[in-house]
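Single-structure report; data block below.
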Amino acid sequence: MTSEAVIIDGYVDEPACLGVPPYISPYIRTIAGVLKEHGYSVRYVTIDELRKNPLAVPKLRDASIVVMIAGVTVPGKYLSGTPATLSELQQIGFTLRGKSISLLGGPIGFGYSPQGGERAVKEAVSGWTAMLIGEPAAALDSYLSGGEPEGMLSYADYDRWAVLGAEIILQHPFYPYVMCELETAKGCFRCVTGGCSFCTEPFYGMPRMREVFGISAEVAALTKAGARHFRLGRQPDLLAFGTSGSEYPKPDPDKLRSLFAEIRMAAPDLQTLHIDNVNPGTIARHEEASREALRVIVDGHTPGDIAAFGVESVDPVVIEANNLKGSPDQIYRAIEIVNEVGAVRRHGIPELLPGLNFIGGLAGETAETFALNKEFLNRILTGGLLVRRVNIRQLMPFEGTRAYENNCLGIHDKLFHQFKDDVRSTFDVPMLERVFPVGTVLTGVRIEVPGAVSLGRQMGTYPILVGIPMQLPAGTLLNAAVVSYGARSLTALPVPIRINTLSSSALKWIPGISKKLAQKVVAGMPYLDKRDFKKVVMSDEVDPLLPLMEY
């Protein structure tokens with residue numbers, strides 16, 4: 001009789017890995033592969049599913065072995081999942097104690113903090129049989145083979161486990177709308193100078209690169225299991241793929257070309273292929289090679305992509321104190337180059353844009369820091385450049401990083417929040433208007449949170465939050481036209497926009513239609529055509545939406 005193993009997905013969020021729904025992390029899939037290789041039948045459950053059904057937790061004790069992956073080293077806000085808390089990890093561990101072999105792994109081993117702005121506490125989580133040390137899948141394999149629960153990364157083994165564990169995505173509650181995070185490398189070239197002061201990626205050491213054939217074999221297995229959405233996310237700088245050497249290695253466009261070509265061959269029907277981290281310092285120091293590498297990405301990916309830039313701060317004092325990636329001018333130049341290559345539109349949306357990350361609380365921070373950061377963003381606006389999003393978070397320092405002892409936590413909290421609010425009100429909205437003009441059609445928006453304003457997103461890297469001012473069931477898939485803007489979000493209406501069926505609460509979001517006019521529009525229904533409609537709505541602001549309307 002086959003023994004049952006259960007994987008609990010507590011979700012992970014690291015500088016170079018995301019595993020919060022709709023994402024599923026590589027950790028989960030390789031853990032599943034190890035368990036299958038050792039003869040277990042594998043069941044997958046998320047922490048959110050356990051929250052909805054607490055009675056399921058004691059039932060986990062019937063499994064021969066339970067493996068949980070968890071840990072957040074960069075704080076974020078999430079729509080469809082909440083990472084496991086320390087108290088939940090302890091509760092599950094104690095519930096399983098003495099009944100099942102229970103193993104805990106992932107970035108939780110680096111420590112835990114409930115939010116940004118607080119130091120992470122590194123401590124043993126009570127109740128569990130053991131903590132998986134090092135590479136979780138390798139540590140599990142060692143433990144199941146009779147050794148210690150410790151393991152080093154070996155991509156020869158990793159590739160095999162990733163293929164064996166691919167079918168675990170079938171058990172994801174969002175399947176088939178699952179974003180498969182693909183690992184291409186682990187570790188950071190900037191280890192040679194200590195890396196950024198706050199980052200946990202240097203904990204993995206110098207980069208180890210995965211071979212293209214291993215990645216493509218995993219993609220083929222995931223595709224066979226029904227996956228259609230992929231992100232090359234588990235790496236600190238995609239432009240460094242296949243390179244070696246210095247702190248800022250020169251990109252090798254041919255290696256990236258091979259990577260994208262092989263993925264496309266392995267998944268000919270893919271619907272999403274996006275990227276994550278790109279080091280702006282690499283682009284600024286190797287302009288021509290980076291420009292060619294970015295063209296390779298644009299040729300091979302799907303549109304609406306983001307190159308995430310770890311800017312953190314443009315204050316020269318903070319940059320120096322924390323060994324950040326580039327000067328303000330270098331960062332700006334990198335933004336320009338990505339715009340040169342990626343700002344072209346396909347299906348109405350830009351191919352590839354930068355996404356900027358800022359951190360408050362770093363060493364050297366002063367009141368001047370926030371003024372400089374704001375001036376930099378104003379420079380982007382006045383320069384006519386496009387930026388897809390700006391993430392602003394507070395430092396979450398981990399033991400072993402320089403920022404753990406040397407930081408400015410709590411000193412400028414008021415200024416931090418003022419800066420964040422200012423960016424949301426004065427930068428985000430005009431930038432969203434620039435990136436997503438009224439009438440832009442977003443395809444494949446999936447409703448995740450129903451309500452009077454139903455919230456949904458496209459599948460992708462950092463997808464924009466879309467509010468649909470209608471009550472729609474979770475899981476609804478639709479195309480939607482942009483009609484209005486909020487802080488970090490869009491309001492959109494389903495396409496085609498069936499004017500004669502819209503309520504006044506939906507109509508009021510259309511440009512040129514006030515709340516009062518919306519009531520008048522409803523009173524005048526039905527309309528025969530756009531000319532009839534424009535007799536009531538005389539504003540030209542509505543014109544970009546007219547081709548998308550039905551009567």
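For this chain, numbers begin at 1 and follow the sequence in order. Just the heavy atoms: all of them, side chains too, but no hydrogens, waters or symmetry mates, feed the values below.
- Residues passing the side chain to side chain donor-acceptor pair (under 3.5 Å) test with Y78, sequence neighbours excluded: D13.
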Fill in: Test log, rule side-chain contact (heavy atoms from CB on, under 4.5 Å), inputs L455 and L465
CA-CA 7 Å; L455 302 178; L465 181 64; 4.1 Å; yes
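- Contact detail for Q235 and L238: the closest heavy-atom pair is OE1-N, 2.7 Å.
- Of the possible donor and acceptor atoms, one in the side chain of N479 sits under 3.5 Å from a partner among the backbone N and O of G444.
- Within the 4.5 Å cutoff, the side chain of R228 has no heavy atoms near those of the P176 side chain.
- Here the closest non-hydrogen pair linking L324 and Y248 is O-OH, 4.1 Å.
- The residues R160 and E37 are annotated as salt-bridged, a charged nitrogen and a carboxylate oxygen being separated by less than 4.0 angstrom.
- Taking each heavy atom of N407 and P397 in turn, the nearest pair found is ND2-CG, 4.4 Å.
- Taking both residues in full, the closest heavy atoms of I168 and A32 are given as CB-CB, 4.0 Å, listed atom of the first, atom of the second, then distance.
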Discussion item. Between N391 and R488, is the side-chain contact (heavy atoms from CB on, under 4.5 Å) condition met? List the steps.
Written reply: CA-CA 10 Å; N391 283 348; R488 310 195 79 197; 2.3 Å; yes
Can you list, pair by pair, the side-chain donor-acceptor contacts under 3.5 Å of residues 61-76, counting residues two or more places apart and other chains?
| from | atom 1 | to | atom 2 | distance (Å) |
| --- | --- | --- | --- | --- |
| R61 | NE | P58 | O | 3.2 |
| T73 | OG1 | T200 | OG1 | 3.4 |

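- Within the 4.5 Å cutoff, the side chain of P253 has no heavy atoms near those of the L256 side chain.
- K186 meets the salt bridge (charged side-chain N to carboxylate O under 4.0 Å, His left out) test with E135, E183; sequence neighbours excluded.
- In the model, T282 has a side-chain atom that pairs as donor or acceptor with a side-chain atom of D237 under 3.5 Å.
- Here the OG1-CD1 distance, from T85 to I47, works out to 7.0 Å after rounding to the nearest 0.5 Å.
- T302 and T272 share no side-chain donor-acceptor pair at under 3.5 Å.
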Worksheet item: How far apart are the C-alpha atoms of N357 and R393, what are their side-chain angles, what is the distance that settles it, and do they pass the side chain to side chain donor-acceptor pair (under 3.5 Å) test?
Response: CA-CA 8 Å; N357 300 333; R393 64 182 179 88; over 6 Å; no
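- Atoms CE and CG, from M131 and L104 in turn, are 4.5 Å apart once rounded to the nearest 0.5 Å.
- For residues 120-167, the pairs satisfying ring-ring contact (aromatic ring centres under 6.0 Å, His included) are Y155-Y158, with sequence neighbours left out.
- Put simply, CZ on R446 and OG on S80 are 7.5 Å apart, with the number rounded to the nearest 0.5 Å.
- Expressed to the nearest 0.5 Å, how far SG of C188 lies from CG of N277 amounts to 10.0 Å.
- The structure places CD of E88 at 11.5 Å from OG1 of T95, a figure rounded to the nearest 0.5 Å.
- Side chains of Y27 and E14: a donor on one and an acceptor on the other come within 3.5 Å.
- A salt bridge links E218 to R210: at least one charged side-chain nitrogen sits closer than 4.0 Å to a carboxylate oxygen.
- Contact check on R295 versus E351 returns no salt bridge, with no Lys/Arg side-chain nitrogen under 4.0 Å from an Asp/Glu carboxylate oxygen.
- In this structure, the side chain of T461 engages the main chain of I275 through a donor-acceptor pair within 3.5 Å.
- Residues N323 and T193 have side chains that bring a donor and an acceptor to within less than 3.5 angstrom of each other.
- Across all their heavy atoms, G460 and Y23 have their closest contact at O-OH, 2.7 Å.
- Annotation: side chain of P21 is in contact with side chain of Y11 (closest heavy-atom distance under 4.5 Å).
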Item to complete: Applying side chain to side chain donor-acceptor pair (under 3.5 Å), run through E448 and Y177 and close with a yes or a no.
Response: CA-CA 11 Å; E448 298 180 41; Y177 299 101; over 6 Å; no
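- Within the 4.5 Å cutoff, the side chain of P136 has heavy atoms near those of the I31 side chain.
- H347 pairs by the side chain to side chain donor-acceptor pair (under 3.5 Å) definition with nothing, not counting sequence neighbours.
- Between V453 and I468 there is no side-chain heavy-atom pair separated by less than 4.5 Å.
- At least one cation-pi condition fails for R457 and Y462: the charged atom is not both under 6.0 angstrom from the six-membered ring centre and inside a 45 degree cone around its axis.
- Here the shortest heavy-atom pairing between F309 and P280 reads CD2-CB, 3.8 Å.
- Put simply, the side chain of V57 does not reach to within 4.5 Å of the side chain of L55, judged on heavy atoms.
- A donor-acceptor contact shorter than 3.5 Å is absent between the side chain of S100 and the backbone of S102.
- Annotation: cation-pi geometry satisfied between R119 and Y404 (NZ/CZ under 6.0 angstrom from ring centroid, within 45° of ring axis).
- Residue D48 holds its CG atom at 12.5 Å from CG of N53, rounded to the nearest 0.5 Å.
- Taking the six-membered ring for Trp and the full ring otherwise, Y40 and H38 have centroids separated by 6.0 Å or more.
- Taking 4.0 Å as the cut-off between side-chain N and carboxylate O, R29 and E181 do not count as a salt-bridged pair.
- In the displayed structure, E49 atom CD is contacted under 6.0 Å by more than 12 heavy atoms of other residues, nucleotides or ligands.
- Among residues two or more places apart in sequence or in another chain, the ring pair (Phe, Tyr, Trp, His ring centres under 6.0 Å) test is passed with Y204 by F110.
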